[in-house]
Amino acid sequence: MLDLKLIQRDPQVVIDALNKRHSKIDVNEFLELDARRRALLNEVEVLKSQRNKASEEVAKIKRAGGDASDRFKELGELAGRIKELDAAAEEVVAQVGEWLISVPNVPHESVPVGADENENVELHKWGTKPELDFAPKEHWELAEALGGLDFERGAKLAGSRFTVLWGWAARLERALVNFFLDIQTREHGYTEMFPPAIVNSTTMTGTGQLPKFEDDLFKLNYKDFYLIPTAEVPLTNLLSGEQLVEADLPYAFTAQTQCFRSEAGSYGKDTKGLIRQHQFTKVEMVRLAHPDSSFEQLELMRQHAENMLQRLGLHYRVVTLCTGDMGFSSAKTYDIEVWLPGQDTYREISSCSNCTDFQARRANLRFKREGAKKPEFVHTLNGSGLPTGRTMVAILENYQQADGSIVIPEALRPYMGGVEVITPDMAQGK
RNA sequence: GGAGAGGUAGCGAAGUCCGGCCGUAACGCGCUCGACUCGAAAUCGAGUUAGGGGUUAAUAGCCUCUACGUGGGUUCGAAUCCCACCCUCUCCGCCA
């Protein structure tokens, strides 16, 4: 949510921002609505002020033992008018609120302007593509011999976009979670958390999933419950409504959770393999940062994500998302794209965003600056560090051998009970 | 699922039965400033909710409205009365 004051004071900033995002939202229309809101509030407040004064007088008379009933007829009429005006004002206030909550964040000045992912700008590359003297296979092709990834039975149990992991793959899944969490907590200073995977609509609104992106979520048919699409949701909302202490910033949380996404609107996209699942595991990083240093924190978080891939020896590139490709809540986003030789392309494996005060305003995450009278919103950041499924895909495709076996990256071997290579004779679940 | 208790500021908590100077909200803690002190602790004194509207260069001051879990209702007037819902805690039942 944007600052209403900013829109009033400097609407051009918002108009420019929306244009850069190729949004059709009309700011001038909103300004008229807001003017009507203020006029109505003004009108009704005058009447309320009259009523409050009269009420005080009535109270005085009553306390003195007098009879004030001759005032009631006139006051009754006043109450009637207040009720009408109040209802009108409330509606406009609600409209203003709905508008505000459906406007995306203003991109940071350093973000390249562009229409879609083709205009994202490469920041840098790390490592090199593996040199394979054979035609590399895609990960699901590799799994035909290796087993481990059981797409058919996943589909049988639940439907498409669900996969059962057998044996070595399930072990690799667990190894990746532990590997990621160990580095995030021991070396990058994150506090390990274990949040609920189900949250309510208020929480979903705090991070911006609701109200605009309800279709992307799984809503439970019980209470006001939704399955989280990422641990960003519970972790960012964790301290909502609380007043934070400046010296405690930044908070740095990490958690591994199951993530649930409906993937509505991506029918036919990545239907094969582990790339796009309804349920997947992800280790997430969330930071609640001081507004003065949040963009430095974004660089830091991006490095944390990159570090994971470097340890695994996976070649990747980092791109700065252009204005047209950024998410709703973000002011600046880096995508890290890992090289997949089987698919002969870079695929997103991590997304690190600074949402500035956009989510903090929705979730009411505030701190008091030293010496300041009024509390101020923190900045929220989130990044994947990393998802297990796509990492597994990258390992399979990058470390495949001519004979169809997979070399386990050295950093991961202690987490795999010393296993160095996955071979077809370990196959299960074919 | 059944019975009961509760939801008030940064935290704890009074007020609710009997509606009206009790919401810039008693009292306590915390925090800020000051006094005392070489300095600190202790003690003493003062201050300390947020959001909206108006005015303004101002996120300063002043005027004003709103908020006592949420949403309705009764009333001239609701923290207080009525209805519905949400959440927390305790006990019972069920259960990994």
Side-chain angles (χ1 to χ4, degrees), chain A residues 1-10 13 30-101 194 196-206 220 222-226 234 237-249 251 288 291-292 356-357 360-378:
Chain A
M1 185 158 57
L2 300 184
D3 184 4
L4 176 58
K5 290 265 160 53
L6 168 80
I7 306 173
Q8 291 169 342
R9 206 183 319 122
D10 205 350
V13 168
F30 170 77
L31 289 174
E32 283 170 33
L33 185 70
D34 183 51
R36 198 155 77 237
R37 175 186 70 101
R38 287 187 285 174
L40 272 167
L41 283 180
N42 238 322
E43 211 177 329
V44 73
E45 276 179 18
V46 170
L47 297 182
K48 281 186 178 175
S49 178
Q50 281 174 24
R51 181 191 62 189
N52 290 347
K53 282 198 187 91
S55 270
E56 247 171 73
E57 283 166 29
V58 170
K60 240 178 237 170
I61 294 168
K62 288 265 190 173
R63 266 198 306 278
D67 179 17
S69 50
D70 56 319
R71 305 284 309 271
F72 289 172
K73 185 172 177 250
E74 169 205 347
L75 285 175
E77 283 167 16
L78 184 61
R81 272 191 290 153
I82 288 175
K83 205 170 177 181
E84 278 174 39
L85 267 175
D86 230 1
E90 223 172 277
E91 197 184 320
V92 178
V93 166
Q95 283 173 10
V96 166
E98 280 166 36
W99 190 90
L100 277 174
I101 213 160
F194 196 94
I198 295 175
V199 299
N200 59 33
S201 57
T202 304
T203 302
M204 282 295 185
T205 306
L220 299 189
Y222 180 71
K223 298 201 179 179
D224 181 31
F225 284 167
Y226 294 82
N237 282 285
L238 183 74
L239 302 177
S240 76
E242 302 181 30
Q243 199 175 97
L244 309 182
V245 177
E246 186 177 26
D248 289 344
L249 299 177
Y251 280 90
L288 308 182
D292 294 350
T356 59
D357 61 357
R361 187 171 284 109
R362 292 172 160 241
N364 193 20
L365 283 160
R366 299 182 302 175
F367 76 102
K368 223 175 227 172
R369 204 183 273 265
E370 169 122 35
K373 274 192 178 172
K374 301 235 167 185
E376 187 177 341
F377 293 109
V378 301

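For the numbers below, each heavy atom of this structure counts, side chains included, while hydrogens, waters and symmetry mates do not. Every chain is numbered from 1, with letters handed out A, B, ... down the list of sequences.
Nucleotide B/A14 forms a pair with no other nucleotide shown, judged by Watson-Crick or G-U wobble geometry with both contacts under 3.5 Å. The partner of B/A78, taking Watson-Crick or G-U wobble pairs whose two distances both stay under 3.5 Å, does not exist in any strand shown. Nucleotide B/G6 is matched to B/C87 when pairs are restricted to Watson-Crick or G-U wobble geometry with both distances under 3.5 angstrom. The partner of B/G1 is B/C92, by the rule that a Watson-Crick or G-U pair needs both atom distances under 3.5 Å. In this structure, B/G51 forms a base pair with B/C65, meeting either the Watson-Crick or the G-U wobble geometry with both donor-acceptor distances under 3.5 Å. Nucleotide B/C21 forms a pair with no other nucleotide shown, judged by Watson-Crick or G-U wobble geometry with both contacts under 3.5 Å. With both pairing distances under 3.5 Å, B/C33 is matched to B/G45 as a Watson-Crick or G-U wobble pair.
Under 4.0 angstrom from either OP1 or OP2 of B/G51 there lies no side-chain N or O belonging to A/N364.
Between the CG atom of A/L40 and the C1' atom of B/U66 there is a distance of 16 Å, given to the nearest Å. In this entry the distance linking CZ of A/R361 with C1' of B/G51 reads 13 Å, nearest Å. One can place CD of A/E246 at 18 Å from P of B/G10, the figure rounded to the nearest angstrom. If you take CD of A/E56 and C1' of B/U64, they are 13 Å apart, rounded to a whole angstrom. Put simply, CE on A/M1 is 12 Å from P on B/G51, counting in whole angstrom units. In this structure, CZ of A/R369 is placed 18 Å from P of B/U32, rounded to the nearest angstrom.
Put simply, CG on A/N237 and CG on A/L365 are 7.0 Å apart, with the number rounded to the nearest 0.5 Å.
Within a 6.0 Å sphere centred on CD of A/E91, other residues, nucleotides and ligands contribute 12 heavy atoms or fewer. Around CD of A/E56, the count of heavy atoms belonging to other residues, nucleotides or ligands within 6.0 Å does not exceed 12. More than 12 heavy atoms of other residues, nucleotides or ligands lie within 6.0 Å of CD in A/Q8, so this atom counts as buried by the packing criterion.
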(Q) Please evaluate residues A/L100 and A/R361 with respect to the criterion side chain to side chain contact (heavy atoms under 4.5 Å, CB included), reporting the C-alpha separation (whole Å), side-chain torsions for both, the decisive distance (0.1 Å), and the verdict. (A) CA-CA 11 Å; A/L100 277 174; A/R361 187 171 284 109; over 6 Å; no
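When atom types are taken as modelled, the side chain of A/R51 and the backbone of A/A79 share no donor-acceptor pair closer than 3.5 angstrom. A donor-acceptor pair under 3.5 Å links the side-chain atoms of A/T205 to the main chain of A/S201, judged by distance alone. Under a 3.5 Å cut-off, the side chain of A/R362 and the backbone N or O of A/I101 do form a donor-acceptor pair.
Across the C1' atoms, B/U48 and B/G10 are found 10 Å apart, a figure rounded to whole Å. With P as the reference atom, B/C38 and B/A25 are 38 Å apart, rounded to whole Å. On the C1' atoms, B/C87 is 7 Å away from B/G69, given to the nearest whole Å. The gap from the C1' atom of B/U75 to that of B/G2 amounts to 36 Å, rounded to the nearest Å. B/A9 sits 14 Å from B/U24 when the P atoms are compared, rounded to a whole Å. For the P atoms, the distance linking B/C11 with B/A5 amounts to 26 Å, nearest Å. Straight-line distance between the P atoms of B/A58 and B/G20: roughly 41 Å, to the nearest whole Å. With both ends at atom C1', the span from B/U16 to B/U80 equals 5 Å, rounded to whole Å.
Nearer the 5' end of RNA chain B, as judged by each residue's closest nucleotide, is the contact made by A/K60, out of A/K60 and A/K53.
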(Q) Please encode protein proximity along nucleotides 71-89 of chain B as a string of B, S and -, counting only heavy-atom distances under 4.0 Å. (A) -S-S-BS---------S--
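In summary, the side chains of A/N200 and A/T203 do present a donor paired with an acceptor at a separation below 3.5 Å, with no hydrogens or angles considered.
At a threshold of 4.0 angstrom between heavy atoms, the contacts of A/K368 are confined to the sugar-phosphate backbone, with no base atom among them. Within 4.0 Å (heavy atoms only), A/N52 reaches sugar-phosphate atoms of the nucleic acid but no base atom.
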Pairs: protein N or O with nucleotides 53-61 of chain B N or O, under 3.5 Å:
{"from": "B/G53", "atom 1": "OP1", "to": "A/R37", "atom 2": "NH2", "distance (Å)": "2.6"}
{"from": "B/G53", "atom 1": "O2'", "to": "A/N42", "atom 2": "ND2", "distance (Å)": "3.4"}
{"from": "B/G61", "atom 1": "OP1", "to": "A/K373", "atom 2": "NZ", "distance (Å)": "3.3"}

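A heavy-atom distance below 4.5 Å is found between the side chains of A/L4 and A/D34.
For A/P234 against A/V199, the heavy-atom pair with the smallest separation is CB-CG1, 4.3 Å.
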